[in-house]
Novice: 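The structure is given below, and queries will be raised subsequently.
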Amino acid sequence: MPVTTGDIRDWIQRSGQVLHENNAYLTQLDSAIGDADHGINMDRGFQAVNKKLAGMEEADISTLLKTTGTTLVSTVGGASGPLYGTAFLRAGVATAGKQTLESADLITLFEAALEGVKARGKAQTGEKTMLDALAPAIEAAKQAQAAQASLAQIVQAMVAGAEVGTKATIEMTATKGRASYLGERSVGHQDPGATSCWLLLQALADSIKQA
Amino acid sequence: MPVTTGDIRDWIQRSGQVLHENNAYLTQLDSAIGDADHGINMDRGFQAVNKKLAGMEEADISTLLKTTGTTLVSTVGGASGPLYGTAFLRAGVATAGKQTLESADLITLFEAALEGVKARGKAQTGEKTMLDALAPAIEAAKQAQAAQASLAQIVQAMVAGAEVGTKATIEMTATKGRASYLGERSVGHQDPGATSCWLLLQALADSIKQA
Amino acid sequence: MAVGIVIVSHSARLAEGVAELAGQMSMGEVTIAVAGGTDDGSIGTSIDKVAAALQKASSPDGTLVLLDLGSAVMITEMALEMLDAQEKERVIISTAPLVEGAVLAAVEASAGSTLQEVAEAANNGHDMPKGHQA
Amino acid sequence: MAVGIVIVSHSARLAEGVAELAGQMSMGEVTIAVAGGTDDGSIGTSIDKVAAALQKASSPDGTLVLLDLGSAVMITEMALEMLDAQEKERVIISTAPLVEGAVLAAVEASAGSTLQEVAEAANNGHDMPKGHQA
Ligand SMILES: Nc1ncnc2c1ncn2[C@@H]1O[C@H](COP(=O)(O)OP(=O)(O)O)[C@@H](O)[C@H]1O
Ligand SMILES: Nc1ncnc2c1ncn2[C@@H]1O[C@H](COP(=O)(O)OP(=O)(O)O)[C@@H](O)[C@H]1O
Ligand SMILES: [Mg+2]
Ligand SMILES: [Mg+2]
Ligand SMILES: [Mg+2]
Ligand SMILES: [Mg+2]
């Protein structure tokens with residue numbers, strides 16, 4: 001079954017809920033290697049997103065994603081704002097005109113998001129950022145797709161890839177973002193942005209399962 | 001006639017008056033190559049000094065000078081605070097125990113002040129600062145003394161030396177203080193601190209004439 | 001007209017303080033616009049504040065943007081992307097230290113210098129003397 | 001106990017903003033005391049405020065003082081001269097850029113580093129990346 005507009009809407013709403021529930025957790029992760037606001041930032045951003053989307057009953061997939069992007073840019077207040085903002089904006093552009101998303105469309109969506117984050121933050125994988133969850137998630141999705149997995153399985157593979165990637169950030173030294181101010185001392189801590197990325201993918205998996 | 005405690009008190013009071021009258025002028029000079037507050041700073045400082053001294057009827061020369069110094073340090077708020085503050089403090093130390101000041105004592109007083117300004121600001125003459133008024137004033141005093149001039153004539157010579165020195169700052173490039181941020185553009189403007197130094201010496205000459 | 005200056009900071013007080021300090025050296029001859037804190041007043045950056053500050057400090061001679069931390073660069077770039085190409089070309093994002101760069105840029109801009117000169121002056125803030133030289 | 005940090009600025013808002021920003025990165029584990037503006041609230045420095053901040057941020061591990069402009073060095077040194085020799089020895093006046101130095105110093109101090117290490121971390125603020133590196 002392809003992903004519908006309703007699934008995307010459910011995903012974004014669910015993301016808001018999940019990030020709200022994980023506000024303290026993400027903020028605590030950020031307190032170890034940053035400025036203790038990542039949970040606050042993401043919660044604030046997605047609350048604004050969902051308030052905005054509530055008034056947009058007729059929006060299609062692309063519009064939902066773009067609106068999420070611009071709203072995150074305007075409301076998050078931290079580095080994750082322009083980063084996730086660009087990710088969702090590019091995802092919106094990549095899905096223009098689509099009423100549903102097949103596996104290939106979903107991978108295209110996330111590849112566009114990945115390119116957006118890379119372009120915005122000038123980071124590569126291995127620098128202990130959200131990229132280290134997103135990039136392996138997409139790799140896993142592609143492998144699952146090559147192995148003829150269903151769309152639901154592909155998304156499950158993304159979640160698993162993001163989980164592995166997020167946990168791998170623990171051993172990384174941060175070279176981008178505030179955590180880079182800690183240098184070697186950033187080792188031993190899980191990156192908050194990678195963690196929120198993993199949570200967002202988990203929310204997508206749950207929305208698709210639900211559907 | 002030697003300089004008395006009353007003369008020193010009169011000098012400091014008169015300085016307050018002169019600086020008050022020249023608040024706008026000094027501030028305008030500072031606006032060209034600084035932050036437009038030198039007149040405000042000096043006026044505020046000497047107002048505080050004179051309020052302080054009003055309650056110290058029994059103070060001797062050294063105490064008057066030291067109190068002036070500490071009060072300037074506490075109240076001026078700009079670079080001229082620690083600089084003039086140190087100058088007056090050192091002058092107070094150099095006149096310890098003196099009930100009156102002969103020519104030699106006066107020169108000692110100002111040499112101590114000069115050393116204080118140099119030590120505090122790590123500047124030399126030629127850097128477009130108050131030193132460029134004070135140092136030539138002392139040079140002129142020494143020459144007058146060597147020529148057997150009276151104390152009043154020596155002080156007059158100081159005023160003349162400070163005037164020449166102050167005007168010479170117009171052609172100098174500032175290499176210390178805020179004016180140094182202007183680099184070559186500081187040329188063509190008279191240094192506010194040199195100007196206030198000249199005014200202070202003029203006030204001393206007037207106090208001695210008055211006596 | 002002088003080059004305009006924009007101060008982007010995660011803290012509203014910090015941005016205003018920098019503008020206050022730098023403004024003292026430019027005697028009101030230079031527009032120094034601030035974008036400090038988030039829209040709801042907490043610590044962070046706001047694209048709307050940055051865009052408004054860019055607008056306010058906009059000058060035919062150009063605008064120099066100074067930032068407190070590297071993480072403010074991204075939101076500033078997104079604000080710049082909202083400008084038309086011509087306006088965008090007249091903006092430089094400085095890598096200079098915020099306070100020192102802003103003071104030196106304000107001095108330079110008040111002398112009527114070009115955007116390039118103002119940007120270079122700000123860069124002298126990397127090694128502004130704070131021993132006894134100044 | 002961590003190395004203490006003192007922020008000396010001509011502007012009260014600037015000093016408080018820097019403390020706010022740097023404090024975010026040290027999670028309350030580091031005392032960051034401010035001395036901003038004159039006693040009457042105008043732009044300038046106050047020896048009493050500097051002395052009070054030095055007292056507040058005093059730590060057996062030492063104190064790092066960061067300044068906005070070179071002209072704040074003199075009043076800071078006079079405030080230091082009021083301390084006893086032993087206390088004075090535990091204070092370093094940094095030449096680092098104020099904002100960048102304070103953030104890096106706060107991070108370093110919160111890790112329990114020595115005064116020398118905190119001072120060196122602050123000095124990395126001279127070239128804190130503000131392009132896309134951070
Ligand atoms: N240049 C970058 N590229 C990719 N991700 C980044 C970059 N800088 C920061 N991040 C991500 O942003 C997260 C921090 O987000 P957040 O705390 O909301 O912002 P801030 O650091 O401004 O407080 C980090 O954990 C990291 O994953
Ligand atoms: N390092 C220094 N040594 C000697 N004099 C100095 C030094 N720095 C500044 N000055 C003097 O101080 C004057 C400026 O005083 P003021 O405007 O009150 O202080 P600020 O520059 O802090 O606003 C200058 O004109 C100069 O004469
Ligand atoms: Mg954060
Ligand atoms: Mg933040
Ligand atoms: Mg001044
Ligand atoms: Mg001043």
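Sequence lines set the chain letters: A, B, ... in the order given, protein chains first and strands last, and positions in each chain run from 1. All values below were derived from every heavy atom in this structure, side-chain atoms included, with hydrogens, water molecules and symmetry-related copies excluded. Computed from a predicted structure; not experimentally measured.
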Novice: Side chain from CB out, backbone as N, CA, C, O: work out which of these in A/Leu83 comes under 4.5 Å of a heavy atom of chain C, or both, or neither.
Specialist: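 Contact with chain C is through the side chain of A/Leu83 alone.
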Novice: Pick one of side chain, backbone, both or neither for C/Ser46, based on which atoms fall under 4.5 Å of a heavy atom in chain A.
Specialist: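 Neither part.
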Novice: Pick whichever of C/His10, C/Lys49, C/Met78 has the most heavy-atom pairs under 4.5 Å with chain A.
Specialist: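 So the answer, after comparing C/His10, C/Lys49, C/Met78, is C/Met78.
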Novice: Let me confirm one number: the OG1-CG distance from C/Thr76 to C/Leu54, rounded to the nearest 0.5 Å.
Specialist: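 Result: 7.5 Å between the selected atoms.
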Novice: Taking 4.0 angstrom as the limit, do A/Glu111 and A/Lys142 come out as a salt bridge?
Specialist: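 Looking at A/Lys142 together with A/Glu111, the answer is yes, because their closest N to O distance falls below 4.0 Å.
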Novice: Do the side chains of A/Arg9 and A/Gln13 get nearer than 4.5 Å, heavy atoms only?
Specialist: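 Side-chain contact under 4.5 Å: yes.
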Novice: Taking only Lys NZ, Arg NE, NH1 and NH2, and the carboxylate oxygens of Asp or Glu, determine whether A/Arg178 and A/Asp30 approach each other closer than 4.0 Å.
Specialist: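 Looking at A/Asp30 together with A/Arg178, the answer is no, because their closest N to O distance does not fall below 4.0 Å.
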